[in-house]
Amino acid sequence: MNFEQIKALDQEHIMHTYKRFDVCFDHGKGATIWDVNQKEYVDFSSGIGVNSLGFCDPDWLKAVEGQMERYTHMSNLFYSQINAETADLLCQKTGYDQVFFANSGAEANEGAIKLARKYSFDKNNGKVKGDILTLKNSFHGRTITTLMATGQDVFHDYFFPFTPGFDYAKANDLEDVKAHITENTCAIMLETIQGEGGVVPLEEEFVQGVAALCKERGILLIADEVQTGLGRTGKVLSVEHYGVKPDIVSLAKGLGGGLPCGAVVTTKEIGEHFGPSSHGSTFGGNLAAMAGAKVVLEKLTDNLLQNVCEKGAYLKAEIEKLPYVTGVSGKGLMLGISLDGLSSADVVAQGLKTGVVMLTAKEKVRLLPPLTITYQELDKGVAALKQALILAKEASK
Ligand SMILES: *Cc1c(COP(=O)(O)O)cnc(C)c1O
């Protein structure tokens, strides 16, 4: 099939929930991907922060293929070595004790919310204190509940009735958080860098203040590290930059290295409240995804994290030199580019012409390159980004 045929078939049969670009990819290697017309692109997106090791990492492929040749799925009714080993490694890397495996970020957040509510229910002898406070401009997923957890009014349309028990406080405003806590608040959930919200890092003082407040009031702190987690910001968890340890952390995007995989991690004390039948997922902990996640975690070494910091600093500095760029936000390899009079969507669209795949986050261009991207690929991507900025400026005249 050629591109036009693929596009026509897609348009006919796949619901139009995504506004697709006129590109269809064919194969990739590292941080480089080729489309069906053999045009080459540098991938500054990792497929929205998913391909943490880039395309076709040989160790990852070998592990996933090896597992699939044995068996890919039975069910969570049985033990599995790869599940146990991956959970052990995830706990070692993150500093938590227990894991629940899911398939996506929204599902991980649903798990985190259910766990917080169950813990609260048990602690309050069955009295329902299940309210969750999140932050304005947050993003927590697309299910009915995680849409409600998302602190942006635009997400609260059409799909009524939404799950009750959510309220929103202003980010970086501890007084506003205090004002929104009630006797029924069981948890506060936040992203330390609001990803979809525009790559907006929370202030250190604020995050530490929220953590202290949670401790003082017996409220659980949930960190949504679906985008920021697992090396993306140069630390295993982004909360480490803030020196806080949340009670529950949700993970997904980069965890499986390209396969659908999410996780909720927590302490033994809290995790014990998820007893038999309290939660579950048919595909959660799927063995192929687990085999991929295990390799991602094995490669998440101090050396890799150091490289992410250095490459992130390099990329940021290179981008700051480009025309029509007014600033770069974010940490590690999670960057948001502010533009002078250009639309982020236009720049991303031009990038596909000049050979770089990028994302938007509101008015910013968002970059989430693979953690293993090479300096050569970074330079190539930056050159393509520069051309995209110039083309977008010309087109906007
Ligand atoms: C992407 C994202 C989600 C949702 O993840 P899905 O896998 O799309 O369900 C939730 N929270 C944050 C912070 C995200 O970036």
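Each residue takes its place number in the sequence, starting with 1. Note that ligands are numbered from 1 as they come in the structure, with each ligand's atoms numbered from 1 the same way.
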Legend entry - Contact atoms of ligand 1, heavy-atom distance to Asp224 under 4.0 Å: 10 (C), 11 (N), 12 (C), 13 (C)

Inset, instruction - Decide, yes or no, whether a salt bridge links Glu269 with Lys123 under the criterion of side-chain N to carboxylate O below 4.0 Å. - result: yes

Inset, instruction - Provide, to 0.1 Å, the distance between atom 4 (C) of ligand 1 and the closest protein heavy atom, together with that atom's residue and name. - result: Ala106 N, 3.7 Å

Inset, instruction - May I have the step-by-step check of side-chain contact (heavy atoms from CB on, under 4.5 Å) for Leu237 and Leu251, ending in yes or no? - result: CA-CA 9 Å; Leu237 298 178; Leu251 297 161; 3.8 Å; yes

Legend entry - atom 5 (O) of ligand 1: the protein heavy-atom neighbour that sits closest, reported with distance to 0.1 Å: Gly105 CA, 3.2 Å

Inset, instruction - Give me the ring orientation class for Tyr41 and Phe25: parallel if the planes are under 30° apart, tilted from 30 to 60°, perpendicular past 60°. - result: perpendicular

Legend entry - Taking atom 14 (C) of ligand 1 as the reference point, the nearest protein heavy atom with its distance: Lys253 NZ, 2.9 Å

Inset, instruction - Please check if any side-chain donor atom of Thr182 sits under 3.5 Å from a side-chain acceptor atom of Asn184, or the reverse. - result: no

Legend entry - atom 9 (O) of ligand 1 touched by protein (heavy atom, under 4.0 Å): yes

Legend entry - N or O contact, Val226 vs ligand 1, cut-off under 3.5 Å: no

Legend entry - Check: His279 ring centroid to Phe100 ring centroid under 6.0 Å: yes

Inset, instruction - State the atoms of ligand 1, each with its element, that fall below the 4.0 Å cut-off from a heavy-atom position in Glu191. - result: 13 (C)

Legend entry - ligand 1 atoms in contact with Ser104 (distance to a heavy atom under 4.0 Å): 7 (O), 9 (O)

Legend entry - Residue Asn109 vicinity, atoms of ligand 1 by number, heavy atom under 4.0 Å: 10 (C), 11 (N)

Inset, instruction - Verify the ring-centre separation between Phe139 and Phe155: is it less than 6.0 angstrom? - result: yes

Legend entry - Identified side chain to side chain donor-acceptor pair (under 3.5 Å) partner of Gln152 from the options Glu196, Lys362, His140, Gln194: Lys362

Legend entry - Distance filter under 4.0 Å to His140 heavy atoms, resulting ligand 1 atoms: 10 (C), 11 (N)

